[in-house]
Amino acid sequence: MTVRVRIAPSPTGFLHVGTARAALYNWLFARGRNGVFILRSDDTDSERNDPKYQQDIVTSLRWLGLDWHEGIDVGGPHAPYQQSLRSDRYREVAMDLLERGLAYYCFATPEQLDEFRRQAQAAGRTPAYDGRFRLESGVAAARVAAGEPAPIRLAVPRPGATTFHDAVRGEVTFDHAQVEDFVILRSDGSPTYHLASTVDDVDFEVTHVVRGEDILSSTPKHIILTEALGARPPVYAHLALLMGPDGKKLSKRHGHTALNAYRADGVLPEAMVNYLALLGWSPGEDETIVSLEEMVARFRLEDVTKNATIFDNDKLEWMNGVYIRELAVDDFVARATPLVEEHLGRALAVSEGEQLAAIAPHVQERAKRLTEVAEQVAFIFGDVEYDAASWEKVMTTPEAPTAIAAARAGLATLEDWNTPAIEAILRDMLEELELSARKGFQPLRVAVTGSTVSPPLFESIEVLGRDVALARLEAAATRLGAG
RNA sequence: GACCCGUUCGUCCAACGGCCAGGACACGAGGCUCUCAUCCUCGAGAUCGGGGUUCAAUUCCCCGACGGGUCGCCA
């Protein structure tokens with residue numbers, strides 16, 4: 001049987017990294033088994049849905065490099081893949097369940113329900129509504145006929161229990177005393193998540209449901225419903241949730257939760273995928289940098305960790321740096337250019353593009369995020385901005401004025417303006433002045449780049465060009481003289 | 001409170017009854033070096049507690065503690 005998996009986010013917010021990870025695991029699982037990956041939109045909450053979120057889900061998933069065989073934007077044999085467009089189907093199922101006596105109109109008042117839950121809680125029981133206020137079907141039918149609105153609840157078999165084998169957790173059992181007679185159709189006729197999601201999984205022939213652990217306790221509901229529909233339940237796999245550094249559920253206060261925020265921060269999709277994959281799963285050996293092909297080949301649900309995992313930004317950054325360094329230089333330039341232009345607030349001229357390409361290899365090995373590139377090369381494309389601390393640290397030394405003056409004089413005589421020549425003449429200068437590289441070069445670095453931290457000095461000087469480089473040395477000399 | 005899930009270095013993963021419990025990030029020290037990075041070497045750092053089972057438990061079982069999740073006409 002063909003493996004069919006799905007990811008079914010609700011468009012009520014930007015794609016969460018946890019959802020992205022679940023999507024990745026589903027994708028890897030399908031890929032490795034020649035299966036089908038489906039993107040569905042569980043948009044049954046008309047209050048909170050927003051088209052912009054649905055768009056973000058699609059673009060974020062594609063940015064990660066994931067693709068799907070069937071889904072909201074690509075169609076497929078079971079289209080539409082959007083729950084808001086399938087209301088009739090859910091209503092039909094609800095009515096069928098009603099007719100077969102497996103579900104019922106509920107006329108319990110909110111007060112009754114509250115009171116029941118309060119008492120259950122007080123008595124040390126789980127406050128799961130057990131259907132005790134259910135009306136005799138004739139009575140209920142009459143009230144409905146009279147136009148009284150009421151939700152439909154599923155009649156959970158009592159007593160009873162549901163046991164299933166979770167692919168990551170093993171056998172899990174829930175006594176039905178813990179499972180309420182849940183609402184499947186709201187009194188306004190709209191389906192709840194439980195109904196819509198289960199019906200879709202059945203209709204779309206989903207074989208494996210890989211989702212967050214937050215839905216583990218709802219799984220018996222879905223199994224009972226599935227069986228009521230006369231279908232065989234899929235294999236379930238519940239992924240542990242992502243936590244913040246403090247061990248609490250990952251949320252905004254820990255940093256970013258939206259995948260698009262990482263993208264905006266200059267994180268490479270390759271790095272994000274690698275990091276997310278290893279956050280709760282391991283290919284077996286002590287490998288850290290793993291290719292997509294390798295992941296596909298090795299991924300198994302049984303190897304997914306059962307513990308909640310903490311999202312570690314430091315490790316993500318480190319890994320991102322590794323991937324940045326692995327990029328071919330022209331690819332690196334292509335990816336960094338938009339961010340540089342954004343930082344500058346303007347497009348780069350052709351000659352500037354060449355300058356960027358020339359310095360690129362040197363900033364490539366210094367960047368952990370693509371956004372850092374813009375900061376590191378800014379000195380090339382605008383006026384120098386002296387970093388106050390840097391100036392204070394190296395320009396107030398006695399050797400600063402001499403070094404700058406000597407460098408100016410030396411560089412001015414240079415025939416060939418290239419890194420080896422620049423380095424040679426500056427090192428000669430060092431020898432003549434009897435200065436250490438540190439003492440002699442740091443003032444030049446600040447003069448030329450504005451900071452004590454920069455790409456390599458000689459390359460920076462070359463890329464800047466003779467005129468600009470000399471002008472900057474002169475400007476620094478003037479400023480020193482004035483001070 | 002009830003139920004469910006979980007518990008190996010600070011963090012993420014290995015070890016799925018048997019070599020000094022391994023790797024990565026972070027951290028510390030050193031080396032390379034024109035700064036910062038990269039890179040290299042070294043170091044510190046963990047099996048939650050208690051009972052069992054076994055010749056042998058990180059690994060299997062039970063109890064406890066702790067952490068997480070769920071208890072809606074949200075998903």
Side-chain angles (χ1 to χ4, degrees), chain A residues 8-10 12 42-45 47-48 106 110 113 117 120-129 149-153 166 168-170 172-175 177-180 182-188 190-194 196-197 212-220 238 240-241 243 245 247-249 275 278-289 302-303 305-319 321-322 325 362-368 372 376 390 394 423 426-427 430 436-442 444-446 449 451-458 460:
Chain A
S10 290
T12 53
D42 278 16
D43 57 347
T44 50
D45 186 348
E47 293 286 303
R48 298 191 300 152
C106 175
L113 259 19
R117 289 176 185 132
Q121 176 101 241
R125 283 179 282 114
T126 296
Y129 176 54
I152 296 177
R153 286 180 187 274
D166 188 289
V168 344
R169 274 150 220 289
V172 181
T173 299
F174 284 91
D175 190 291
Q178 311 301 329
V179 185
E180 62 175 339
F182 56 103
V183 172
I184 56 175
L185 205 69
R186 302 188 188 103
S187 52
D188 67 0
S190 66
T192 60
Y193 157 76
H194 299 301
S197 180
E213 192 188 6
D214 52 338
I215 320 182
L216 181 61
S217 35
S218 290
T219 303
H238 289 90
L241 269 19
M243 301 295 169
K248 302 294 181 191
K249 198 168 175 175
Y275 179 70
L278 264 52
L279 197 55
W281 173 75
S282 142
E285 276 111 65
D286 291 330
E287 293 171 88
T288 308
I289 301 299
E302 305 78 58
D303 296 336
T305 187
K306 301 171 184 63
N307 354 331
T309 56
I310 291 175
F311 191 94
D312 183 3
N313 250 309
D314 284 341
K315 190 157 186 175
L316 204 213
E317 282 217 329
W318 164 79
M319 194 172 277
V322 171
R325 273 171 254 131
H362 308 289
V363 302
Q364 186 171 2
E365 63 184 65
R366 290 172 166 72
K368 287 214 277 281
E372 289 176 4
Q376 291 181 19
S390 294
V394 304
E423 172 160 14
L426 290 180
R427 290 211 184 269
L430 230 47
S436 65
R438 187 176 208 104
K439 293 256 184 211
F441 290 160
Q442 281 300 76
L444 304 186
R445 185 187 308 284
V446 172
T449 72
S451 169
T452 51
V453 176
S454 81
L457 182 59
F458 317 126
S460 295

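Chain letters run A, B, ... following the sequence lines, proteins first and then strands; every chain starts at 1.
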- Message: Nearest 0.5 Å, please: how far is OG in A:Ser10 from CZ in A:Arg48?
- Response: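 Reported to 0.5 Å precision, the distance equals 7.5 Å.
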- Message: Distance criterion of 3.5 Å, no angle test: do you see the side chain of A:Arg366 paired donor-to-acceptor with the base of B:C36?
- Response: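 Such a pair is found, so the answer is yes.
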- Message: Could you check whether the side chain of A:Arg438 and the base of B:C34 have a donor-acceptor pair of N or O atoms closer than 3.5 Å, going by distance alone?
- Response: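 Answer no: no donor N or O sits under 3.5 Å from an acceptor.
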- Message: Distance alone, cut at 3.5 Å: any donor-acceptor contact between the side chains of A:Ser190 and A:Arg186?
- Response: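 Side chains of A:Ser190 and A:Arg186: pair found under 3.5 Å.
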- Query: Any side-chain heavy-atom pair from A:Trp318 and A:Tyr275 closer than 4.5 angstrom?
  - Reply: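 No. Closest side-chain heavy atoms not under 4.5 Å.
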- Message: Counting C-beta onward and ignoring hydrogens, is there a side-chain heavy-atom pair between A:Gln442 and A:Val446 closer than 4.5 Å?
- Response: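 A:Gln442 vs A:Val446: side chains apart.
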What integer number of Å spans the [atom1] atoms of [N] and [M]?
N	M	atom1	answer
B:U8	B:A14	C1'	10 Å
B:C12	B:C73	C1'	41 Å
B:C36	B:C74	C1'	49 Å
B:C20	B:C61	C1'	29 Å
B:G43	B:C16	P	26 Å
B:C40	B:C32	P	16 Å
B:G17	B:U58	C1'	10 Å
B:U59	B:C3	P	26 Å

- Item | Assigned partner base of B:A44, Watson-Crick or wobble definition, under 3.5 Å |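 Checking every strand shown, B:A44 finds no partner, since no pair has both distances under 3.5 Å.
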- Message: Students often get this wrong, so: under 4.0 angstrom with heavy atoms, is A:Phe458 touching a base, only sugar-phosphate, or nothing?
- Response: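 A:Phe458: base contact, heavy atoms under 4.0 Å.
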- Task: Give A:Gln121 one of three labels, base, sugar-phosphate or nothing, depending on what nucleic acid heavy atoms sit under 4.0 Å from its own.
- Result: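 Here A:Gln121 touches the bases of the nucleic acid.
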- Looking only at side-chain atoms of A:Trp318, point me to the closest of B:C71, B:A26, B:A75.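 Among the listed nucleotides, the one closest to the side chain of A:Trp318 is B:A26.
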